[in-house]
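Data first, discussion second: the structure below is written as C-alpha cells.
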Amino acid sequence: MDERSLLPGQEWEPAIRKAIRTTDVVIVCLSPKAVTKAGYVQKEIREALDVADQQPEEAIFIIPVKVEACTLPARLNRWQAIGLRDKNGYGQLVKALTARAQSVGATFGRIHDAENVATLFDPDKLRESGIPERAIQMGDIARLHFSGNFKEAEVALKLRRDQDPKDYEYLYFVVQDLGENYGKYDDVIRIVEGSLDAVRKDAPLWAGRLLKCSGLAFYRRWFRKNRDPNDLVNANRDLLESIRLSPALAEAHLHLALISAYGGDLASCDSHLANAVERCADPAMMVATQQMRSMLRHDPVRFLDLMKRPPGL
C-alpha cells in the first residue's frame, strides 16, 4: 500500500508497478465510481492485465471484487467476479485466495487479530449502525470462536435456539464456522447429532447441509487425527444422506469422491467428481475438481498419491 509500504522520497509509480509484477494475486476492487474514474486506477489495472497474460491458463491471478453493485469493465470480463455484498461473497473471496496460496506454496492465514475482531463485532457499535439483533448475535459467536471461547459460544447458540428454534441458517453458520475455520470436529459432530432429528422433520434441505458439516468433520477427524475406520464409515453415511436431502451440495460429492478413492473405487470416485463439477458454484473449487478428475483419468497412480495428502478443499 502506498501509504504504508513506500519510504519518504521513494517514487511511488514504479514501486507500485514492481509490486504488481512480483505479487501472487491481484484483487481489483470495483464500484460505480471506480469503473468510471480515469487515471491511475485504470493504469494499475492495465499493469495487472499485462502480468495476467503471463500466468498459466488456469491460474487464479486477477480477482475482480465488486464492493458495490456495478458493471464489470469489459477488460475484466474473462474472470469470474465476486460480489462482496452477495451471500457468502466474502467466503468466496477467501476460498479463491486460499486456492491461489496453495497453488504457489504459500500460507493464507487469518487477516484479523483479536483486537480487530473485537472492534468489528462490538455489539453496541453494531446496534448504533442499525444492524439487526440476529446479525449481532451471529457476530458475537464469531468473536467468541475467534478468541477460543468455544464453550461460551455454544451457550450463546443455545440461547439463540431457545429464542427461535427454527432458525436453521443460524445453526448451520455456527456449525460450519466451527469445522471449517477452527477444526472443532468433535463439537461439530455432537451439535449436529443433538439437533438433527428436529431439523430433518421440519427442513430437510437444512438437515442435508448440517449432515454435510458432520460428514466433513468425521472425514477430517479420520484424516488428521485418529484414522479410526468408523469415522470414515460415518463420514460416508452422513455425506450420502446429505446429498439425498440436499442434492446441490458439491462439497459433499467431492469428499465422497475422496472416500471412494481411499477405498480403491475409482469408478465411484470419478462419478462423484463429475457430480461435484456439475453442481459447483465456486470457480476455484470447480477448477480444482476438474483438475482432480483429469488427473484421475490420465494418471491414476499420481492421483492416488495425491489423495494421501491432507485435504485442502
Do [Y] and [X] meet the salt-bridge criterion of a basic N to acidic O distance under 4.0 Å?
X: Lys212; Y: Glu241; answer: no
X: Arg190; Y: Glu193; answer: no
X: Asp162; Y: Lys158; answer: yes
X: Arg209; Y: Glu169; answer: no

Checking Tyr170 now: which residues fulfil side-chain hydrogen bond (donor to acceptor under 3.5 Å, both in side chains) with it, not counting sequence neighbours?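 With neighbours one apart ignored, the set is empty.
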Quickly, which of Asn275, Leu249, Asn236 forms a side chain to side chain contact (heavy atoms under 4.5 Å, CB included) with Leu256? Name it, please.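 Exactly one candidate clears the test, Asn236.
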Nearest-0.5 Å distance that lies between atom [atom1] in [X] and atom [atom2] in [Y]:
X: Leu205; Y: Ser246; atom1: CG; atom2: OG; result: 5.0 Å
X: Arg237; Y: Ile259; atom1: CZ; atom2: CD1; result: 11.0 Å
X: His253; Y: Leu258; atom1: NE2; atom2: CG; result: 13.0 Å

Which residue pairs satisfy the salt bridge (charged side-chain N to carboxylate O under 4.0 Å, His left out) criterion with at least one member in residues 62-81, sequence neighbours excluded?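 Listed once each, the pairs are Asp53-Arg78.
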Of all residues at least two apart in sequence or in a different chain, which pass the salt bridge (Lys or Arg N to Asp or Glu O under 4.0 Å) check with Arg293?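 With neighbours one apart ignored, the set is Asp270.
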Could you pull out all residues at least two apart from Asp186 that satisfy salt bridge (Lys or Arg N to Asp or Glu O under 4.0 Å)?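 So Asp186 forms a salt bridge (Lys or Arg N to Asp or Glu O under 4.0 Å) with Arg221.
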Please identify each residue that fulfils side-chain contact (heavy atoms from CB on, under 4.5 Å) with Lys166, with sequence neighbours left out.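 Applying side-chain contact (heavy atoms from CB on, under 4.5 Å) to Lys166 gives Asp164, Tyr168, Asp202.
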Does Val301 have any side-chain contact (heavy atoms from CB on, under 4.5 Å) partners at least two apart in sequence or in another chain, and if so, which?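 Listed in chain order: Asp299.
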Within 6.0 Å of CZ in Arg134, more than 12 heavy atoms from elsewhere: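 Yes, enclosed.
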Give a yes or no on whether the ring-centroid distance for Phe223 and Tyr262 is below 6.0 angstrom.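 That pair passes the under 6.0 Å test.
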